[in-house]
Structure formats: C-alpha cells, structure tokens
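Okay, structure first, notes after.
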There are 2 protein chains.
Amino acid sequence: MPVTVLLVDDEPLVRAGLRAVLEAQPDIEVVGEAADGAAVIPLVRRLRPDVVAMDVRMPLMDGIEATRAVLRTVAEPPKILVVTTFEDDEYVYEALRAGADGFLLKRARPAEIVHAVRLVAEGESLLFPASVRRLAVRYGDGARPAPATPPHTRLTEREAEVLRLMARGLSNAEIAARLVVGAETVKSHVSAVLAKLGARDRTQAVIAAYESGFMESG
Amino acid sequence: MPVTVLLVDDEPLVRAGLRAVLEAQPDIEVVGEAADGAAVIPLVRRLRPDVVAMDVRMPLMDGIEATRAVLRTVAEPPKILVVTTFEDDEYVYEALRAGADGFLLKRARPAEIVHAVRLVAEGESLLFPASVRRLAVRYGDGARPAPATPPHTRLTEREAEVLRLMARGLSNAEIAARLVVGAETVKSHVSAVLAKLGARDRTQAVIAAYESGFMESG
DNA sequence: GACCGTCTCCCCCGTGCGGGGGAGGTCCGT
DNA sequence: ACGGACCTCCCCCGCACGGGGGAGACGGTC
C-alpha cells in the first residue's frame, strides 16, 4: 500500500511541484490538496492521509496552528511534515512543539523530499528523533503551562557563530579559544543553541545546521 | 591579492570545470594545471600557488603520493585540497595522513567548491580541524613507523549502518536498541568509524558523513 | 528610571562518550 | 587447516559534555 500524502500550501506552484515530485514515486500517492491550514481538518478526516506536507506561512491559519489543530482533534492523526524555508526558522521550534514529525526545506532536492516523506511515514522523526517529544513533555506537563510568549527561537549572532563552529567539528574549548571568551561562556551559548534547535546534544544541533541549509549560508 | 590555485587532475574535463567555477570568483585565480601528480613539484616551485586542488586517482603518481612529495620537498608548501569522489573514500584517510588540508567531492556544488578553496587558503582544515595533525602525530612519531599495510579505511556494512544512525542524531544506547545489540558493541563500531574517518568525536564523524555525500546515498 | 535581551562568567553534578586494552564467535578465501 | 576480516561483548578510565541554577554588565526600548 502506497504512502498517501495531503499537500497543504497556499501557493499552487509549490503544490504542483510537490505533487510532481512525489507522484513520480510508485510508492507515494498524493490524495489531496489544500490551500490553507483552515481547510486541513475535514480533509484529513475524509482522506486519512499518512502524511500531511504542511506549509508554514498561509493566509488564514498557519501551519503551526493547523498542526496543533489536527493533532488535537483527529483520532489517529497523520504524520506532519512541515515544509518551510530557512527564513522561517523561527517557526521550526514552534512546529516541533506543536507536534510536527519533521520539517523539510522547500529548496531541498526532489530525492530529499521523497526521502523525507518516506521517513516520517515510517514513523521516523526527520530531524530530532527524541527531542520532539522531549520538548513537548517539558513544556506540556510542567508546573506552569507553556509560556504565552514563546521563547525566542531565532539564534542570536553569537549563537549562530557558535553553531557554525560546532558544525565544523570544534570542541567547546576550541570554540572558546577561537572566540577569545571563557569556556563557560561557550557552554552557555551551546546550551542556548541546543534549546532553540530542540537538539539533545551538539551532534543533533549540527545535523539541524546541515539539514536546514544553515551551513550553506556562510 | 587573490588566492592562487593549481589544478591537478588527469581529466581535462574536470580541470576545465574547476577552472570555470573558480575563475568566476574575483578573489580566486587558477595559475596552472597539471595532468598528473608527477608533474606537480616543479609546477609548485615555479608557480607558488596558495592551494593545490589535487585529484586522487591519476595514472603515474596518485594524489596521495604527490601530496607527500610536495609537503616533503617544498619549503613553504601550498595548502592541499584533495578532490575526490565518495567512492574513493578509502583514500581520504590516507590523504589526511599524507598531510592534506581538506578534501572535496567532485559532485559538490560550485559554491561549495569555492568555499572549500577559500577555507583551506585561510589555513582552515576543511573537514577535520585538529584530527589531521592528531593522526599525523600518532602515526608519525610512534614507536614503530606507520604500518606498511594501511588500516582498512572503507567502512564495513555494520559501521556504515552505525554511522547512518549517528548522523540521524541517535545516541549509542539508541543505536544499540535499534540494532538489537549491546551498548559495548555499538561503542566498538563507533570507535572504528571515528578511526577510519579520522574524526575525533561523533560530531566530526557526522560532519564527515554530510560533507562526503554519505548521507545522500541512503 | 525600569525593563529586557544579549553576552559574559560562575557554581555543582551526573553521565554519555571515547581511548586503551582484550576475547570469543562466525564466515570466507587460500 | 590456517589466517584474517568482521561482529559481538567485556574491562577500566578520564574527561568533555550538557542540565540546573545564578549573576553582573551593557545596550537598547518604553
């Protein structure tokens, strides 16, 4: 049985592109399309797709809200693959907290897109294997509910600098030497990066840096 | 002053491609070409390039030998950027031990090629910042000289499997659970992977996996 | 002035990681 | 029958890493 996919994106061009890429695969079938998050829930109920490829920015209901809505209201929810651009990286964290199973860059090559759909369909988290649930837990059943003002997820300049060095294989001590700061300072930045990326350790952060295209913008 | 580059590759097509990509940059200048490693030394002496883009497989003298020869005989040697394919990955380790400053896949995108040349020109090791020297030291001044038969650097199936899981952010314990083996077994495989890739820790191994295209072949 | 984000540095603490060994088993090619 | 590669598991050990706190200084904003 093929993997069934529902496309949710306000741009017809993007939907057409995704459809072309995915339908070229014998084991993947696009069963429907929606132009806004607001239309997702009834479609999911009717079509029961395995995977929803969900855009982030949409006019009525964005992908984050739509993800939350689907996971909250549908009995056996589909896997949510958030489709985004690196410019949207501030939403990535939100998407993960909302329960998304992975995210994918629009600039990704066709093979990667196909790969991503297959992976999440198999139940794999595309980017952060365990941290998705970890974050959900941490903010979900904590003493106080999730803060109304979400933590700022956009990396600061310094944090981005640290991540770049991490992703080149430097240790904390080496980064400290390079930036001419104390080792504890680097630890602080690393911790902030891990939190913002939803990564459990530096390896996952580096994976995020590569997968998101962060490493190509330098 | 621009970065000067010497191209060494037996295939004219590859040389032409590299030249086209690099000369498109205002700060990079291709100052010469050679079709075999045997021709490199006099050219390096005459042209004094900042960087040598060195192919691995060449008919008379391969890139590893040529790298050794250049570093051994030239007073202020240029940076050596080994140009290879992932299929040549068994040579990568050798190249690093020979003193190469980085390596680059032929399939890399133009922007990455340019980036690689600039990086090594600036004195950065492209892939393994400290491990290059670390390996050189370990085998260079040890009690016995480097083994005549180089350690097998091609990853075994199991090791490749472990690397793939590492590069998806799994911890040793998670990999052990996934593969249904003991945690110590995973540690053994991880150690083997690190040694073969010349990586200091799992993060550097994951970087290697991404940079080499290993992650796209699955 | 008060506030907030950022960068910097500090404490304690547990543990996952990686290095250094070894060892038994299978399979395969010679 | 033997060596060799591979996979598996075991020991000990040190340390970098990451979590949990806090705190001071600076620069903006309101």
Side-chain angles (χ1 to χ4, degrees), chain A residues 90 128-131 134-135 137-139 142-143 147-163 165-166 169-206, chain B residues 90 128-131 134-135 137-139 142-143 147-163 165-167 169-206 208:
Chain A
E90 66 234 69
F128 313 121
S131 50
R134 192 174 60 86
L135 283 172
V137 168
R138 186 196 296 177
Y139 286 100
T149 316
H152 305 68
T153 62
R154 165 140 258 150
L155 297 185
T156 68
E157 255 183 62
R158 204 55 161 170
E159 289 160 356
E161 212 172 347
V162 168
L163 175 57
L165 294 173
M166 270 197 276
L170 275 67
S171 67
N172 286 346
E174 287 168 343
I175 294 173
R178 179 76 63 98
L179 298 183
V180 199
V181 297
E184 293 82 8
T185 303
V186 175
K187 283 186 60 177
S188 294
H189 291 314
V190 170
S191 290
V193 169
L194 297 186
K196 289 183 179 177
L197 294 183
R200 186 177 50 194
D201 51 45
R202 68 202 297 107
T203 302
Q204 289 188 354
V206 168
Chain B
E90 67 232 71
F128 313 121
S131 52
R134 191 174 60 86
L135 283 172
V137 168
R138 186 194 297 177
Y139 285 101
T149 316
H152 305 67
T153 62
R154 166 141 255 149
L155 296 184
T156 67
E157 252 184 65
R158 204 56 160 169
E159 288 160 356
E161 211 172 348
V162 169
L163 175 57
L165 295 174
M166 272 196 273
L170 276 68
S171 68
N172 286 345
E174 288 168 343
I175 295 173
R178 179 75 64 95
L179 298 182
V180 200
V181 296
E184 295 83 8
T185 302
V186 174
K187 283 186 61 177
S188 295
H189 290 315
V190 169
S191 290
V193 168
L194 298 186
K196 289 184 179 177
L197 294 184
R200 186 177 51 194
D201 50 47
R202 69 199 299 102
T203 302
Q204 289 190 354
V206 168

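The model shown is predicted, which means the values in this text are computed figures rather than measured ones. Here is the naming used below: chain letters follow the sequence lines, and residue numbers restart at 1 for every chain.
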To the nearest Å, give me how far apart CG (A:Leu170) and P (D:dA16) are.
15 Å

Take B:Val186 and B:Leu165, measure what side-chain contact (heavy atoms from CB on, under 4.5 Å) needs, and give me the verdict at the end.
CA-CA 11 Å; B:Val186 174; B:Leu165 295 174; over 6 Å; no

Residues two or more places apart in sequence or in another chain: which of them pass side-chain hydrogen bond (donor to acceptor under 3.5 Å, both in side chains) with B:Asn172?
B:Arg202

Could you work out, with side chain to side chain contact (heavy atoms under 4.5 Å, CB included) as the rule, every residue matching A:Ser188, not counting sequence neighbours?
none

When you measure from the side chain of B:Leu194, which nucleotide among C:dC7, D:dC7, C:dG18 comes out closest?
C:dG18

Considering only heavy atoms, which members of residues 182-190 of chain B lie under 4.0 Å from some atom of DNA chain C?
B:Lys187, B:Val190

Quick check for you: among C:dC7, D:dG19, C:dG18, whose closest atom lies nearest to any side-chain atom of B:Arg202?
C:dG18

Please evaluate residues A:Met166 and A:Val190 with respect to the criterion side-chain contact (heavy atoms from CB on, under 4.5 Å), reporting the C-alpha separation (whole Å), side-chain torsions for both, the decisive distance (0.1 Å), and the verdict.
CA-CA 9 Å; A:Met166 270 197 276; A:Val190 170; 4.1 Å; yes

Could you check how far CD of B:Gln204 sits from P of D:dC17, rounded to whole Å?
11 Å

Starting at CD of B:Glu161 and ending at P of D:dC7, how long is that distance when rounded to a whole Å?
9 Å

Taking CG from B:Leu179 and P from D:dT8, how many angstroms apart are they, rounded to a whole number?
8 Å

Drop me the distance from A:Thr203's OG1 to B:Gln204's CD, to the nearest 0.5 angstrom.
10.5 Å

Atom-pair distance (CD1 on A:Ile175; C1' on D:dG18), nearest Å
13 Å

What is the distance, rounded to the nearest whole Å, between atom CD of B:Glu157 and atom C1' of D:dA5?
13 Å

What pairs with B:Glu161 under side-chain hydrogen bond (donor to acceptor under 3.5 Å, both in side chains), at least two apart in sequence or on another chain?
B:Arg158

Please pick, from D:dG18, D:dC7, C:dT8, the nucleotide with the shortest atom-to-atom distance to any side-chain atom of A:Val181.
C:dT8

Which residues pass the side-chain hydrogen bond (donor to acceptor under 3.5 Å, both in side chains) test with B:Thr156, not counting sequence neighbours?
B:Glu159

Look at the side-chain N and O atoms of A:Asn172 and state whether any lies under 4.0 Å from the OP1 or OP2 oxygen of D:dC17.
yes

Check this one for me: any side-chain N or O of B:Arg200 less than 4.0 Å away from OP1 or OP2 of D:dA16?
no

